[in-house]
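Shown next, in C-alpha cells, is the structure this report addresses.
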Amino acid sequence: MATGFVFHELYMWHNTWNWAQVFPPSLTVQPGEHAENPESKRRFRNLLEVSGLLDQLTPIKPRYATEDEIARFHTRPYIERIKKLSAENGGDASALTPFGRGSFEIAQLSAGGTMAAMDAILDGKVKNAYVLCRPPGHHAEADIGLGFCLFGNVAIAVMHAQATKGLGRVATVDWDVHHGNGTQAAFYKSRDVLTISLHQDGLYPPNSGNLAERGDGAGFGYNLNIPLPPGCGNGAYLAAFEHVVLPALRRYKPEMIVVPSGFDASGVDPLGRMMVSAEGYRQMTRMLMQAADELCGGRLLMSHEGGYSQMYVPYCGLAVMEELTGIRTHINDPWAEPMATWGQQDLQPHQWTAIQAAAKLLDDIK
Ligand SMILES: [Zn+2]
C-alpha cells in the first residue's frame, strides 16, 4: 500500500532571518544563516526527486490548521501573539525562535500538513506517510515557542485525530537528538498517548528529558524518556529500540505510531553529538514498521523536526523513505564509508547502563 508525502513550497519560505547558527548577529558575531533554514529540507526533497523515489510517493495536499484546531494544544494568547507579530514584521517566539512575516500562516500549514497526513492514513488512503514540513514542532509548549518550533505539529495532529476521528491510543517515538519536551507536555497527564523520546542527555532544552519525567496523574508511566550519553552510534540506538522502545510499544498496543523525525542525531550534525548513520535511521524505521504491522495495521506517520547537516539530512531522509516504501533506489550514502571507520559505534558499556535504566520503567505501561 502507498506511502504518503506532504510537502509545500511555502514551508521553505518560513523566514528565520540572518543569524549565526543559533546566535543573533552582533558586532562580534558575523551574521550568517540560522541553523533552522530551508536548505537541509529542500535538499532532502531534491534527493527524493533525483533518486526517482518521489514519483513513487502519493502526494498529500497540506491544509491550514484553523486557530480552533491549534487551540486544542496552544493557549489563545500565545496564538494571538504569534499571529500579530507575523502580520507585522515577524518576531521571536522565545530566545531562539525567530520568524518573519507570514510565518503564522506557514506554521498553520505545517500543523495542517501533519493533520492531512494523519487523516490520509486513518482514512486508508495510504499506509504510512512522511511530512516534510517547517517550522518544526516538538519543542513548542502550550504558551511558548521554543527551539525553532512555533506550533506542536504532532501534538495538534494527534489531538485532532482523537477528537474527530475516534482514534484511541497513540504512541509517539521522537528520535530527534533533542528532547521532545513539547509533545511530552501536551500529553503529560494523559494515558491516551504514550510519549517516548530518545535524545542526547542534557542537550536541549536545559534540564529537560530525564528519567524522572514519567507523566502525572492518570498519565503516570506514559511518558518515557531515554536520555543517552553523547557519542551514541547505531549500536546504542538500535539497542535502545530493541530493549526499550519496542517493548514499550508492545505493552501499550497503540492504534497508531507517530514519529517526530529529526535527523540531528546523525554523525555529522552541527547541533548534536551522536553518530547515527543513514543506515541506522533505516533500521530504526524498519523496526517501527514491524511494530506497526504487528500492533496497528502498519499505521505509521512521521513529521519532520530537526536535522541541520545540509549534506547529510537528505541521505538519512532517503533511507527512511526507501524503507517506508519498500523501494531501494540507486543512491549510495557517501558518508557510509568514512563513518564506518570511526570508533565506538557499537554499543558501549556506559550506553548500555543508560538504556537499562530506561528499561526499568516499562512496567508502569499497561
Ligand atoms: Zn533537534
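Just so you know, ligand 1 is whichever comes first in the structure, and atom 1 is the first atom listed for that ligand.
- With a cut-off of 2.8 Å, the Zn ion (ligand 1) has an N, O or S atom of His178 in range.
- One N or O on the side chain of Arg251 and one on the backbone of Ile365 form a donor-acceptor pair closer than 3.5 Å.
- With 2.8 Å as the limit, Glu305 does not count as an N, O or S neighbour of the Zn ion (ligand 1).
- Sorted by first and then second residue, the salt bridge (Lys or Arg N to Asp or Glu O under 4.0 Å) pairs involving residues 153-168 (not counting sequence neighbours) are Asp123-Lys165.
- Nearest to the Zn ion (ligand 1), among the N, O or S atoms that Asp176 has, is OD1.
- Between His178 and His139, the ring planes lie perpendicular to each other; the angle is over 60°, past the 30° to 60° tilted range.
- Applying the salt bridge (Lys or Arg N to Asp or Glu O under 4.0 Å) test to residues at least two apart or on different chains, none of the pairs has a partner in residues 220-249.
- Nearest to the Zn ion (ligand 1), among the N, O or S atoms that Asp264 has, is OD2.
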